Amino acid sequence: MVDRLANSEANTRRISIVENCFGAAGQPLTIPGRVLIGEGVLTKLCRKKPKARQFFLFNDILVYGNIVIQKKKYNKQHIIPLENVTIDSIQDEGDLRNGWLIKTPTKSFAVYAATATEKSEWMNHINKCVSDLLSKSGKTPSNEHAAVWVPDSEATVCMRCQKAKFTPVNRRHHCRKCGFVVCGPCSEKRFLLPSQSSKPVRICDFCYHLLSTGEMTACQSTRSDSYSQSPKSSLNDVSDDDDDEDSSD
């Protein structure tokens with residue numbers, strides 16, 4: 001069915017509408033063979049709070065962005081190649097329900113659907129697209145992925161030293177290797193993680209020791225599902241902020 005839709009006028013028109021919604025700031029999405037499988041609003045767990053994001057699933061990429069005007073205008077476009085994606089279900093707890101992890105070598109995060117049925121449909125379609133891509137390319141599934149960041153609201157003290165309390169002065173930082181929320185003194189080191197950045201990035205002392213001694217490689221993760229194993233926060237008890245997941249901290 002996907003192959004049949006690839007060159008259809010309806011598919012071309014749908015992709016063109018998505019491009020127009022992102023405007024000049026977005027990347028062109030129309031290429032030969034690309035098919036728009038589906039779209040919808042998912043709640044993405046950002047660093048500061050869960051936020052609604054518009055997602056578009058194509059047969060080779062996953063695209064999402066901020067909602068400015070629903071079905072008319074989006075910004076901050078993100079494009080994720082599906083070849084590198086793996087997904088894992090998250091157990092329901094509190095207000096965070098119908099969720100799963102989207103994991104890639106560059107970035108990993110949690111998203112939540114409105115219903116269990118919607119979650120199942122998203123996960124099935126994503127897995128089918130990934131499977132088809134890998135089958136055509138002959139590649140093996142990616143076993144490398146970035147850590148899922150623990151949300152700021154889930155750590156009142158440093159997750160490494162367990163002593164430093166976070167305040168407006170003593171800020172939270174995230175280790176790019178394990179995803180833990182840590183204090184400045186526990187994350188003064190930098191290490192090159194090629195899949196995430198061309199420059200050395202902030203990591204905690206624990207991960208730095210493992211990486212520098214060779215006990216862990218830059219392609220391994222100490223706790224890739226750190227969010228899914230941490231206490232869950234309420235949708236209403238986290239502070240408002242911009243989606244600053246690419247922040248240097």
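Everything quoted here is computed from the prediction, not taken from an experiment. Numbers here simply count residues along the sequence, with the first being 1. Scope of the values below: all heavy atoms of this structure, side chains included, with no hydrogens, waters or symmetry mates.
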*Check whether any side-chain N or O of His174 sits under 3.5 Å from a backbone N or O of Val150 as a donor-acceptor pair, and report yes or no.*
yes
*asked:* Is the distance from the ring center of Tyr74 to that of Phe56 below 6.0 Å?
replied: yes
_Using salt bridge (charged side-chain N to carboxylate O under 4.0 Å, His left out), reason through Asp205 and Arg160 one step at a time and then give a plain yes or no._
CA-CA 8 Å; Asp205 291 347; Arg160 284 305 182 195; over 6 Å; no
*How far apart are the closest heavy atoms of Asn59 and Gly33, and which atoms are they?*
ND2-O, 3.0 Å
*Drop me the distance from Met159's CE to Phe166's CZ, to the nearest 0.5 angstrom.*
9.0 Å
*In plain terms, say whether Asp132 and Lys128 are close enough for a salt bridge, that is, a side-chain N and a carboxylate O under 4.0 Å apart.*
yes
*With a 4.5 Å heavy-atom cut-off, do Arg34 and Leu29 have their side chains touching?*
yes
*Between His78 and Val63, does a side chain to side chain contact (heavy atoms under 4.5 Å, CB included) hold up when you go through it step by step?*
CA-CA 6 Å; His78 297 263; Val63 178; over 6 Å; no
*Tell me, do Lys177 and Leu193 make a side-chain contact under 4.5 Å, heavy atoms counted?*
yes
*Taking atom SG of Cys204 and atom CD of Glu188, what is their separation to the nearest 0.5 Å?*
12.5 Å
_Modelled atom types, side-chain donor and acceptor of Gln70 and Gln54, under 3.5 Å_ = yes
*First locate atom CZ of Arg14, then atom CD1 of Ile17, and finally report the distance between them rounded to the nearest 0.5 Å.*
8.5 Å
*Is there side-chain contact between Asn11 and Leu36, with heavy atoms separated by less than 4.5 Å?*
yes
*For Tyr208, does its backbone N or O pair with a side-chain atom of Ser212 as donor and acceptor, under 3.5 Å?*
yes
*Hey, does Glu215 have a side-chain heavy atom less than 4.5 Å from the side chain of His209?*
yes
*Compute both the distance and the angle, then confirm whether Lys44 meets the cation-pi test with Phe109: under 6.0 Å from the six-membered ring centre, within 45 degrees of the axis.*
yes
*asked:* For Val41 versus Ala52, what's the shortest heavy-atom pair and its separation?
replied: CG1-CB, 3.9 Å
*Just by distance, do the side chain of Thr12 and the backbone of Ser8 share a donor-acceptor pair under 3.5 Å?*
yes
*Which heavy atom of Phe58 sits nearest a heavy atom of Ile37, and at what distance?*
C-CG1, 3.8 Å
*So, does Arg172 use its side chain to make a donor-acceptor pair with the main chain of Cys183 at under 3.5 Å?*
no
_Working for side chain to side chain contact (heavy atoms under 4.5 Å, CB included), residues Val181 and Glu154_ = CA-CA 8 Å; Val181 184; Glu154 295 185 9; over 6 Å; no
*Return yes if a side-chain donor-acceptor contact under 3.5 Å exists between Lys48 and Ser153, otherwise no.*
no
*Got Val111 and Leu45 here, is their nearest side-chain heavy-atom distance under 4.5 Å?*
no
*Give the minimum heavy-atom separation between Gln196 and Ala146, together with the two atoms involved.*
NE2-CB, 3.9 Å
*Using a 4.5 Å cut-off on heavy atoms from C-beta on, say whether the side chain of Ser89 contacts that of Lys119.*
yes
*Between the main-chain N or O of Tyr112 and the side-chain N or O of Asn98, is there a donor-acceptor pair closer than 3.5 Å?*
no
*asked:* Return the NZ to OG distance between Lys136 and Ser131, rounded to the nearest 0.5 Å.
replied: 11.0 Å
*Side-chain donor/acceptor of Asp60 to backbone N/O of Leu82, under 3.5 Å*: no
*Less than 4.5 Å apart, any side-chain heavy atom of Glu19 and any of Thr30?*
yes
*For Val68 and Asn75, work out which heavy atoms get closest and say how close.*
CG2-ND2, 3.6 Å
*Does the side chain of Asn66 come under 3.5 Å of the side chain of Arg53 through a donor N or O and an acceptor N or O?*
yes
*Separation between CG of Asp88 and CH2 of Trp100, rounded to the nearest 0.5 Å*: 12.5 Å
_I want to check something: taking the side chain as every heavy atom from C-beta on, are Met123 and Ile87 in contact at a cut-off of under 4.5 Å?_
yes
_The test is side chain to side chain contact (heavy atoms under 4.5 Å, CB included); show your working for Trp149 and Cys175 and say whether it passes._
CA-CA 8 Å; Trp149 284 19; Cys175 172; over 6 Å; no
_Heavy-atom closest contact (Leu210 atom, Thr213 atom, distance)_ = O-OG1, 3.4 Å
*Mind checking the SG-CD spacing from Cys186 to Gln162? Nearest 0.5 Å is all I need.*
9.5 Å
*Step by step, work out the side chain to side chain contact (heavy atoms under 4.5 Å, CB included) result for Val148 and Leu101.*
CA-CA 8 Å; Val148 179; Leu101 298 177; 4.1 Å; yes
*Is a side-chain donor or acceptor of Gln77 paired with a backbone partner of Gln27 at a separation under 3.5 angstrom?*
yes
*Cluster question for you: counting only ILVMFWY and a side-chain heavy-atom cut-off of under 4.5 Å, with indirect links fine, are Phe206 and Val157 together?*
no
